[in-house]
Student: 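Shown below is the structure under consideration.
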Amino acid sequence: MKMHFCIPVSQQRLDRLGGRYVLYSVYLDGYLFCRVRYSQLHRWNEQLRRVFGNCLPPFPPKYYLAMTASMANERRDQLEQYLQNVTVDPNMLRSDVFVDFLKLVQLDTFSITTKTASLDIFLPDGRNIQVEILTSDTAERVLEVVSHKIGLCQELLGYFGLFLIQCCKEGKFSVMKKLVDFELPYVSLQSAKVEDCKVGLRKWYMDPSLDSVLMDSAAAVALIYMQAVQDMEKEWAKPTQVQRQKLEALQKEDNQTKFLELSQEVRHYGFLQLDPCTCDYPEPGCRAVLSVGNNEISCCITLPGNQTQEIIFQMNRVKCWQVTFLGSLLDMDGPQRTLNQNLELRFQYSEDSRWQWFVIYTKQAFLLSSCLKKMISEKMVKLAAENPEMAPSFPEFEQAPSERSVRFWGSRVAARASRLQGAHRPARREAALAPGQPGLSLWPAPLLLSTCSCSRRRRRRRRSAGSQILAITFLDILLNLLKNSEKLLGDHGKKDLIFTLTHIPSTSPE
């Protein structure tokens, strides 16, 4: 799956001989991931091409003369698209040449050497597990070390993840981001520059019914029980008074299984709650608290008269969404390491047979985007399990979605599916969104969704104004189909499946 990679800024630097070069600041999920030169990325692309051949996305060409400002912006756009597209292939994501390069640039960017270190991994009940790692160990490796220490079997690792979590006043906490497999937790923690930031272990699925898959593992039950208790205490989950009394009795008995079974009936159980934010409904500037999970977005809005109104958006009525970075990074060489200051997420929603846009201004826009994509993917898995002959199977699901809108034209596609194999990571099943219609339909279906685009001139003008828009559609889920179309589609042919990645004008949601 595509990652939330973007390159909002670049800087000109002088090398040792006095020559000029451009240093690109690459952000992942809104946080500074690394700073790299074009020459480094070019060598990396050549290494990848020797391993994977011509299946790589196009890499921006070299310029042998001085670049103009427009050429520099175009190269930055192309490098950004390359980083997004190169993460589509899961085999590439797991390759040594891919991971080793990204490990190296992370370490170099923050001047951290490879050495043995201790890392505290915090559990939902407040305890921490100290593990001995290398500073160059990836999140995937650290998760394996932690699972071994707590007795969690490897097959269930796909249901859990490592997160950057900020502990706030009065015992509250904020989930900042999920660490992707090739991120270095030690480096991410050191570079976050956020007060009281920790690496935490949490479950990573949005469908509460998936608890049932983990019930045969004592270690997994203990983890999700701890998180359930924490969610009740932090009021992320909202039991009734009767439910609370029953849950407290089960908690005193330490009956974890019964506690989790009853929790399934609790409102917002298994949801992730975001920090207070603002939205544009029913009027701009209204305060809101969002909870996402179980195939819905729950929004508790404080109206101008201090009354509250709760709105629930079902995911099967959400057509697409986009993340917009509204500001500019002024302190290029200083501690500015996040894009969280001016972020908005807007999604298009069907209500009364009309498509409307709902806008949320939150520093956790990228995390919210990842949760939405996770819910979509889990829904596809469930639909495919109910109709196994109608849906194709795909490689492992990765959490991060695309950063560009995707336009697809296609002919009718049919593919046979295999049943879900194992429980290490839920296999992806894909569906097409019928044009102009809410909801999802299983394969076979025409791929006829398109999103708006803008000219290169408008794109450059918007970049110069310091604003950037990243958009996602349901059909981004089908990107892996393109990568595996020859294997999965047989004689249907690749020429009928075309996609382009475009910016969306910041002046219009359409």
Side-chain angles (χ1 to χ4, degrees), residues 1-2 4 205-208 268 270-274 277-282 286 288-301 309-324 343-362 364-384 391 397 399-408 428-442 445 447-452 469-479 504 508-510:
M1 272 292 172
K2 287 194 171 185
H4 272 128
Y205 53 89
M206 310 304 295
D207 183 355
H268 289 180
F271 282 48
L272 189 148
Q273 182 172 300
L274 303 184
C277 57
T278 59
C279 66
D280 70 342
Y281 181 88
C286 288
V289 176
L290 267 68
S291 298
V292 289
N294 200 19
N295 206 35
E296 69 179 44
I297 309 168
S298 177
C299 189
C300 183
I301 301 172
Q309 177 182 355
E310 184 164 4
I311 304 175
I312 296 177
F313 301 96
Q314 298 294 332
M315 282 303 296
N316 61 358
R317 292 185 175 273
V318 175
K319 180 180 179 182
C320 60
W321 65 89
Q322 63 189 48
V323 176
T324 309
L343 289 176
E344 84 170 27
L345 183 144
R346 62 174 64 210
F347 58 86
Q348 197 173 20
Y349 184 79
S350 174
E351 185 175 12
D352 299 329
S353 301
R354 293 184 299 111
W355 291 105
Q356 303 182 48
W357 286 91
F358 187 84
V359 183
I360 303 162
Y361 303 95
T362 171
Q364 295 167 298
F366 287 107
L367 176 64
L368 175 56
S369 176
S370 296
C371 291
L372 299 184
K373 192 60 174 284
K374 190 71 170 176
M375 288 192 289
I376 296 285
S377 299
E378 289 173 357
K379 183 66 173 178
M380 296 305 98
V381 172
K382 183 174 290 189
L383 291 174
F397 170 72
Q399 59 90 20
S402 163
E403 297 183 346
R404 300 292 187 191
S405 63
V406 182
R407 186 189 307 161
F408 279 86
R428 277 184 297 168
R429 305 305 205 273
E430 314 301 350
L433 182 64
Q437 298 291 332
L440 296 171
S441 60
L442 284 176
L447 311 181
L448 295 172
L449 179 73
S450 69
T451 55
C452 59
I469 295 185
L470 314 174
I472 300 157
T473 71
F474 275 168
L475 290 181
D476 180 41
I477 298 174
L478 302 174
L479 287 173
I504 293 182
S508 171
E510 295 299 328

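Counting begins at 1 with the first residue of the sequence. Worth saying up front: this structure is predicted, and the values here are computed from it rather than measured.
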Student: Passes side-chain contact (heavy atoms from CB on, under 4.5 Å), Gln273 versus Val289? Steps please.
Tutor: CA-CA 7 Å; Gln273 182 172 300; Val289 176; 3.8 Å; yes
Student: Tell me, do Cys371 and Met206 make a side-chain contact under 4.5 Å, heavy atoms counted?
Tutor: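 A side-chain contact under 4.5 Å exists here.
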Student: How far does CE of Met375 sit from CG of Leu272, to the nearest 0.5 angstrom?
Tutor: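 Nearest 0.5 Å value for the CE-CG distance: 10.0 Å.
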Student: Minimum heavy-atom separation for Gln314 and Asn295, please, with both atom names.
Tutor: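 Nearest heavy atoms, Gln314 then Asn295: OE1-O, 3.4 Å.
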Student: What distance separates Thr278 OG1 from Glu344 CD, expressed to the nearest 0.5 Å?
Tutor: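 Between Thr278 OG1 and Glu344 CD, I get 9.5 Å after rounding to 0.5 Å.
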Student: Who pairs with Tyr205 by side-chain hydrogen bond (donor to acceptor under 3.5 Å, both in side chains), at least two apart in sequence or on another chain?
Tutor: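 side-chain hydrogen bond (donor to acceptor under 3.5 Å, both in side chains) check on Tyr205 returns Asp211.
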Student: Are the side chains of Met380 and Glu378 in touch, meaning some heavy atoms are under 4.5 Å apart?
Tutor: no
Student: Within the structure provided, determine whether Leu290 and Ser298 are in side-chain contact (heavy-atom separation under 4.5 Å).
Tutor: no
Student: Could you pull out all residues at least two apart from Asp207 that satisfy side-chain hydrogen bond (donor to acceptor under 3.5 Å, both in side chains)?
Tutor: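 For Asp207 the side-chain hydrogen bond (donor to acceptor under 3.5 Å, both in side chains) partners, ignoring immediate neighbours, are Ser209, Lys382.
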Student: Nearest 0.5 Å, please: how far is CG in Leu372 from CG in Leu345?
Tutor: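 Interatomic distance, Leu345 CG to Leu372 CG, rounded to 0.5 Å: 6.0 Å.
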Student: Hey, does Leu343 have a side-chain heavy atom less than 4.5 Å from the side chain of Tyr361?
Tutor: no
Student: Using modelled atom types only, decide if a donor and an acceptor are shared between the side chain of Ser377 and the backbone of Lys373 within a distance under 3.5 Å.
Tutor: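 Confirmed, Ser377 side chain pairs with Lys373 backbone.
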Student: Working note: Leu368 + Leu274, criterion side-chain contact (heavy atoms from CB on, under 4.5 Å); need CA distance, chi angles, decisive distance, verdict.
Tutor: CA-CA 8 Å; Leu368 175 56; Leu274 303 184; 3.9 Å; yes
Student: With rounding to the nearest 0.5 angstrom, report the CD to SG distance, Gln348 to Cys320.
Tutor: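 Here the rounded value is 4.5 Å.
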Student: So, for Ala288 and Cys299, which heavy atoms are closest and what is the spacing to 0.1 Å?
Tutor: CB-SG, 3.8 Å
Student: Do Trp355 and Lys319 come close enough that some side-chain heavy atom pair is under 4.5 Å?
Tutor: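 Heavy-atom side-chain distance check passes, below 4.5 Å.
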Student: About how many Å separate CD1 of Ile311 and CD of Gln309, when rounded to the nearest 0.5 Å?
Tutor: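 These two atoms lie 4.5 Å from each other.
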Student: Taking only residues two or more places apart in sequence or in another chain, which ones pass ring pair (Phe, Tyr, Trp, His ring centres under 6.0 Å) with Phe358?
Tutor: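 Partners of Phe358 by the ring pair (Phe, Tyr, Trp, His ring centres under 6.0 Å) criterion, ordered by chain and then number, come out as Phe313, Phe347.
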Student: Can you check side-chain contact (heavy atoms from CB on, under 4.5 Å) on Val323 and Phe366, steps first, answer last?
Tutor: CA-CA 7 Å; Val323 176; Phe366 287 107; 4.1 Å; yes
Student: Nearest 0.5 angstrom please: Glu310 CD to Ile301 CD1, how far?
Tutor: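 Taking CD in Glu310 and CD1 in Ile301, the distance rounds to 9.5 Å.
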